[in-house]
Protein chains: 2
Amino acid sequence: MTTSQTSMTIGTLAKMADTHVETIRYYQRRGLVEVPEKAYGGIRRYDEKAVARLHFIRSAQWLGFSLEQVGELLKLEDGTHCDEARVLAEHKLGDVRRRIAGLRQMEATLDDLVERCRCSRDPQRCPMIHSLYTDLSDAPENSDT
Amino acid sequence: MTTSQTSMTIGTLAKMADTHVETIRYYQRRGLVEVPEKAYGGIRRYDEKAVARLHFIRSAQWLGFSLEQVGELLKLEDGTHCDEARVLAEHKLGDVRRRIAGLRQMEATLDDLVERCRCSRDPQRCPMIHSLYTDLSDAPENSDT
DNA sequence: TTTGACTCCGTAGTCAGGTACGGAAGTAAG
DNA sequence: CTTACTTCCGTACCTGACTACGGAGTCAAA
């Protein structure tokens, strides 16, 4: 079923996009995915574009965009608002970089702690516990979009 | 008020830790912050350790740990069992490293997108929008603890 | 034609992480 | 001593992103 069949029900769409029917409906309610007209009989049909759009949403989400931001991104979809899209992405990039920096600090600290803990021959005094409060108190301020 | 005054009310604590009274109470309900005994009169008093703990929670959270995980991290404080603490920390370290790897991918993707977007001289085709539909469809699945 | 799976749609529930409300009691300044 | 601000505590509410439920209609195979 990896083949391109250009007319599917919502269940098939869900499978194709590796998500759930209820999630798609939820995106429809949020205006992120359009609700196609009903064919005769009352069953709505979806095409490849719908699959692509779900991929888009998933990708953007994976990059750290909230559904609201995904909505903004989708408004720029026609490709004529490149600048705006870029600015949005730049903000996110800054955020991601700050997160990486923070995690690297955390990594170094934990790594050091584990190392010292492993070498400590005094079972009564865990070096890690001691450090948790003293070393780590100065976190970068939160600056999300 | 940056000076170390070692006895403050919850309101002052909130200001010192740049958070809100209600948030602190919420952390207390979740067992992340201890509830000190009431002094005469019934007003609880907090010290520098409480400030440090709040900073710790905020830092860890910013680094992407859930409050539940923060709780585990904080449990390291209680046990004199260095081994257990170390194992937990090692686990967290792996977690942190996976996070970093994920974020680095994210960084590369965004960076590339922004760059291509900046260089594009065709106002009709935004490279970022385009890639969201095509490139990014294979996001790594969430592999959190 | 009956059975079973799927669809439609609305509403409700879940989980994380808070935020707000409200009344009683403590506390500090004038 | 009054007035205004805090604190305390319990409970309720909120946002984001789903997830579940239920009843009615649709469809395809046996």
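Just so it is clear: chains get the letters A, B, ... in the order the sequence lines come, proteins before strands, and each one is counted from 1.
- Judged as a side chain to side chain contact (heavy atoms under 4.5 Å, CB included), and not counting sequence neighbours, the contacts of Glu22(B) are Arg25(B).
- Residues satisfying the side chain to side chain donor-acceptor pair (under 3.5 Å) test with Arg86(A), not counting sequence neighbours, are Asp83(A), Glu90(A).
- At least one side-chain heavy atom of Arg53(B) sits less than 4.5 Å from a side-chain heavy atom of Leu74(B).
- Arg116(B) has its side chain within reach of Ser131(B): a pair of non-hydrogen atoms, C-beta onward, lies under 4.5 Å apart.
- Spacing between atom NE2 of His20(A) and atom C1' of dA20(D) amounts to 12 Å, rounded to whole angstrom units.
- For Gln28(A), the side chain to side chain donor-acceptor pair (under 3.5 Å) partners two or more places apart in sequence, or in a different chain, are Tyr46(A).
- In this structure, CG of Leu54(A) is placed 14 Å from C1' of dC18(D), rounded to the nearest angstrom.
- Look at Lys38(A) and you'll find a side-chain N or O under 4.0 angstrom from OP1 or OP2 of dC9(C).
- When the C1' atoms of four end pairs are superposed on the next four at each end of the helix from dT1(C)-dA30(D) to dG30(C)-dC1(D), using five pairs per end, the two resulting axes differ in direction by 0°, to 10°.
- For the side chain to side chain contact (heavy atoms under 4.5 Å, CB included) test, residues two or more places apart in sequence or in another chain that qualify with Gln61(A) are Tyr27(A), Ile57(A), Leu67(A).
- Atom pair Leu32(A):CG and dA17(D):P shows a separation of 9 Å (rounding to whole Å applied).
- Listed by chain and number, the residues in a side chain to side chain contact (heavy atoms under 4.5 Å, CB included) with Arg97(A) are Leu93(A), Glu107(B), Asp111(B) (sequence neighbours excluded).
- Here the side chains of Leu73(A) and Gln69(A) are not in contact, with every heavy-atom distance at 4.5 Å or above.
- Of the residues in residues 21-31 of chain B, those with a non-hydrogen atom less than 4.0 angstrom from any atom of DNA chain C are Glu22(B), Thr23(B), Tyr26(B), Tyr27(B), Arg29(B), Arg30(B).
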- Note on the structure: In B/S/- notation (B base, S sugar-phosphate only, - none; protein heavy atoms under 4.0 Å), nucleotides 25-30 of chain D written 5' to 3' is -SS---
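- Gln61(B) has its CD atom 13 Å from the P atom of dA16(C), to the nearest Å.
- At least one side-chain heavy atom of Val70(A) sits under 4.5 Å from a side-chain heavy atom of Phe56(A).
- If you measure from atom CD of Glu68(A) to atom P of dC14(D), you get 18 Å, rounded to the nearest angstrom.
- Atoms CZ (Phe65(B)) and P (dG17(C)) sit 13 Å apart, rounded to a whole Å.
- Atom pair Gln69(A):CD and dA17(D):C1' shows a separation of 14 Å (rounding to whole Å applied).
- Counting only heavy atoms from C-beta outward, the side chains of Ile10(B) and Arg44(B) never approach each other to under 4.5 Å.
- For Glu84(A), the side chain to side chain contact (heavy atoms under 4.5 Å, CB included) test picks out Leu76(A), His81(A), with sequence neighbours left out.
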For nucleotides 13-15 of chain C, list the nitrogen or oxygen atoms of the protein found under 3.5 Å from its nitrogen or oxygen atoms, one pair per line.
none

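- Residues passing the side chain to side chain donor-acceptor pair (under 3.5 Å) test with Arg104(A), sequence neighbours excluded: none.
- Rounded to an integer number of Å, the gap from CG of Asp18(B) to C1' of dG18(C) is 15 Å.
- Between Lys92(B) and Glu72(B) the shortest side-chain heavy-atom distance falls below 4.5 Å.
- By the side chain to side chain donor-acceptor pair (under 3.5 Å) test, Thr9(A) pairs with Thr12(A), sequence neighbours left out.
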